Amino acid sequence: MTTTEFGSYTAKLTDGPLEGRTVRTEFTQAGEPLAQLEIPAGTAKRYVYLRGSGVEYNGEGDNAALPSAVDYRFIESRLG
C-alpha cells in the first residue's frame with residue numbers, strides 16, 4: 001500500500017523491454033522508494049523490475065531529502 005504523504009518519484013527503467021521509459025510512482029508509507037515494480041503490459045502480462053543503485057535528488061521543496069528519481073532493473077515477465 002502506498003500513500004501520498006511523501007509524494008511521488010520517477011522510476012527510471014534502465015533495461016529490459018521498457019528500457020528508457022519512466023513511470024511515476026508513490027513512496028511507501030515509510031517514505032522509501034518501492035523495492036519492486038510490476039508494470040502491466042496488456043491484459044495478461046506484467047513486467048517485474050527491481051530497484052537498482054542509481055538515485056537522483058532534486059533538493060527542492062518539503063521532501064528535499066527524498067529521491068526524485070530511482071533506477072529499476074528488469075527481472076522477468078509474468079503471465080496472469
Side-chain angles (χ1 to χ4, degrees):
M1 181 177 190
T2 60
T3 179
T4 57
E5 178 181 349
F6 294 102
S8 60
Y9 65 96
T10 301
K12 296 168 58 177
L13 309 178
T14 61
D15 60 3
L18 301 177
E19 180 177 359
R21 295 187 186 181
T22 60
V23 176
R24 198 82 179 147
T25 191
E26 295 179 352
F27 291 97
T28 66
Q29 288 183 339
E32 296 290 324
L34 296 172
Q36 177 178 299
L37 297 175
E38 288 195 26
I39 302 168
T43 58
K45 185 188 262 186
R46 294 173 289 156
Y47 296 123
V48 180
Y49 281 79
L50 289 180
R51 186 171 63 199
S53 60
V55 179
E56 296 176 20
Y57 295 88
N58 70 6
E60 298 176 7
D62 294 338
N63 295 324
L66 297 173
S68 57
V70 177
D71 289 348
Y72 283 82
R73 298 175 306 124
F74 177 73
I75 299 301
E76 67 182 358
S77 296
R78 293 184 182 164
L79 296 176

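Keep in mind that what you see is a predicted model, and the values were worked out from it rather than measured.
To the nearest 0.5 angstrom, Ser77 atom OG is 11.0 Å from Ile75 atom CD1. Taken to the nearest 0.5 Å, the OG1 atom of Thr43 stands 10.0 Å off from the CG atom of Leu79.
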Under 3.5 Å, sequence neighbours excluded: what are the donor-acceptor pairs made by side chains of residues 30-40?
| residue | atom | partner | partner atom | Å |
| --- | --- | --- | --- | --- |
| Gln36 | NE2 | Glu38 | OE2 | 3.2 |
| Glu38 | OE1 | Arg46 | NH1 | 2.3 |
| Glu38 | OE2 | Arg78 | NH1 | 2.8 |

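Pairs engaging residues 36-80 under the ring pair (Phe, Tyr, Trp, His ring centres under 6.0 Å) rule: Tyr49-Phe74 [sequence neighbours left out]. Judged as a salt bridge (Lys or Arg N to Asp or Glu O under 4.0 Å), the pairs with a partner in residues 8-22 (not counting sequence neighbours) are, in order, Lys12-Glu56.
When all heavy atoms of Ser68 and Arg24 are compared, the closest pair comes out as O-NH1, 4.0 Å.
Neither Val48 nor Leu18 shares a network with the other; the hydrophobic side chains, linked directly or stepwise wherever heavy atoms of I, L, V, M, F, W or Y lie under 4.5 Å apart, form separate groups for each.
Contact check for Leu66 versus Tyr9: no side-chain heavy atoms found under the 4.5 Å cut-off.
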